[in-house]
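Working notes for the structure below.
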Amino acid sequence: MSQETDAVHAGYRPSGDFRPMLPPLHNSAAYQFASHAEAIEKFALRQAGFTYSRTGNPTVSILEQRVAALEGGAHAVATATGQAAVALSLLALTQGPKHIVASSSLYGGTVDLFTDTFADFGIRISFVDQADPSAWAAAIESDTRAFFLESVSNPLCTVADLPAIAAIAHERNIPVVVDNTLATPLNVRPLDLGADIVVHSATKGLAGHGSVLGGVVVDSGKFDFSDAARWPQIAAPRVRLNNTSLLERHGPAAYSMLVRSKFLHDLGPTLAPASAQGILAGIETLPVRAAHVQRSVARLIDALAEYPGIAAIHHPALPEHPSHELARTLTPKGTGCVLAIELAHPSLVSPVIDGLALISLAANVGDTRTMVSHPATMTHCRLSEQQLAAAGLNTSTLRLSVGLEDPADLLADITQSLDLALAATQATADTKEVSFA
Ligand SMILES: *Cc1c(COP(=O)(O)O)cnc(C)c1O
């Protein structure tokens with residue numbers, strides 16, 4: 001089926017006594033077993049089915065199947081937040097503790113996780129320039145067990161050369177984990193381009209309405225985890241599994257079963273069924289929203305690229321963007337809702353933000369409503385100067401997450417605020433003459 005159809009139908013057909021059209025909300029912590037024998041089999045993971053909602057719930061399961069279908073994956077595990085999806089997807093690969101090679105332009109929460117909490121766990125991270133494939137190869141160590149990057153980075157929308165990076169990783173039996181939050185599967189499907197695992201903050205574009213938090217880990221089911229010395233957590237016998245291995249038990253579903261039966265079960269960041277239902281409702285309109293947002297982003301770029309007070313717009317649609325060529329082949333439909341606007345001077349940042357009437361100052365992306373943020377003091381405020389620069393940011397950069405309003409109204413709001421801010425700071429209207437602090 002096409003993604004438009006999967007977005008509406010994958011994972012659910014009306015069934016049962018009432019055949020409800022909408023995926024029903026199964027608000028139950030536990031499930032009745034027909035017999036003791038059935039309970040024994042299900043608890044031993046020898047028989048599929050629901051035992052307790054920390055590790056699986058029928059409503060959550062519909063969401064898992066729907067996102068797996070949209071991403072072209074074999075299995076998915078939903079989590080309480082995107083943050084949990086990133087953490088669990090990587091904990092499942094790096095116990096020991098092991099080493100990760102990661103892009104230096106990542107979501108701020110992921111940077112916190114990597115540099116602080118994972119560091120506490122002994123998991124080491126090498127950050128590399130995402131755009132330089134040779135840097136990924138050079139950073140590999142004997143205990144590297146994952147590559148981690150975002151398909152489209154935030155807020156500069158750098159597009160990852162996934163086929164090149166995956167080729168380097170696979171040569172050394174390293175799985176590639178890709179955060180596809182910003183792009184959404186409507187714009188790029190990392191598993192089709194060589195990635196092995198995709199993670200999402202479903203809070204953002206998948207849900208689209210900004211009313212719930214959630215995350216998803218999607219597995220291609222194709223990575224070779226059969227080397228038991230390298231992947232003991234998957235290929236070696238475990239006491240917990242009566243001395244069998246996850247690979248023996250679950251074959252290509254072994255990785256997702258590790259995420260679910262060990263990490264989701266033991267650490268407990270489970271998605272609430274009501275949240276899953278909310279995300280499912282959002283996904284139904286994702287293809288329509290993605291198309292509208294793409295048109296609005298193009299309109300804003302056109303109108304603002306030369307506007308007084310704007311030094312640069314960072315977006316792959318523009319020829320000067322470093323990902324311009326790559327985006328034409330890997331993300332032909334667009335890169336999603338984010339647009340980075342670099343103002344002509346840092347002193348314009350506060351007045352421009354505070355002068356917006358329609359657009360809200362808020363730290364979210366992929367919402368119905370258009371939002372602006374200032375990465376250097378908000379989402380990326382814990383990054384050092386060096387990390388900020390490595391992420392291609394400076395103190396004049398604003399991030400816009402374009403929503404579903406009429407782009408003409410968005411444009412009018414931005415230009416009135418810019419005009420006022422420029423007049424108030426008495427900056428010259430010629431952006432070329434405004435010096436950077
Ligand atoms: C928001 C976000 C996350 C974290 O997701 P939460 O749902 O907020 O926990 C991870 N990666 C990216 C790219 C994000 O935008």
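Count residues from 1 along the sequence. Counting starts at 1 for both ligands and their atoms, in listed order.
In this structure, atom 7 (O) of ligand 1 lies nearest to the protein heavy atom T203 OG1, 2.6 Å. Ranking protein heavy atoms by distance to atom 15 (O) of ligand 1, first place goes to K204 NZ, 2.7 Å. Of the protein's non-hydrogen atoms, the one nearest atom 3 (C) of ligand 1 is Y107 CE2, 3.3 Å.
Ligand 1 has no nitrogen or oxygen under 3.5 angstrom from a nitrogen or oxygen of N154. Considering backbone and side-chain atoms together, D179 places an N or O closer than 3.5 Å to an N or O of ligand 1. Between G82 and ligand 1, an N or O atom pair is found at a separation short of 3.5 Å.
A salt bridge links R124 to E141: at least one charged side-chain nitrogen sits closer than 4.0 Å to a carboxylate oxygen. The pair E64-R260 counts as a salt bridge, with a side-chain nitrogen and a carboxylate oxygen less than 4.0 angstrom apart. Salt-bridge check for R230 with D227: failed, with every basic side-chain N at 4.0 Å or more from each acidic carboxylate O.
Heavy atoms of other residues, nucleotides or ligands lying less than 6.0 angstrom from OH of Y52 number 12 at most. Residue R240 qualifies as enclosed at atom CZ: its count of foreign heavy atoms under 6.0 Å is above 12.
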- Task: For the pair K204 and D367, evaluate salt bridge (charged side-chain N to carboxylate O under 4.0 Å, His left out) and give the outcome as yes or no after the intermediate values.
- Result: CA-CA 6 Å; K204 316 290 170 54; D367 193 287; over 6 Å; no
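Those atoms of ligand 1 with a heavy atom of Q83 less than 4.0 angstrom away are 4 (C), 5 (O), 6 (P), 9 (O). Which parts of ligand 1 touch S201 is read off a 4.0 Å heavy-atom cut-off, strictly below it: atoms 1 (C), 2 (C), 3 (C), 4 (C), 5 (O), 6 (P), 7 (O).
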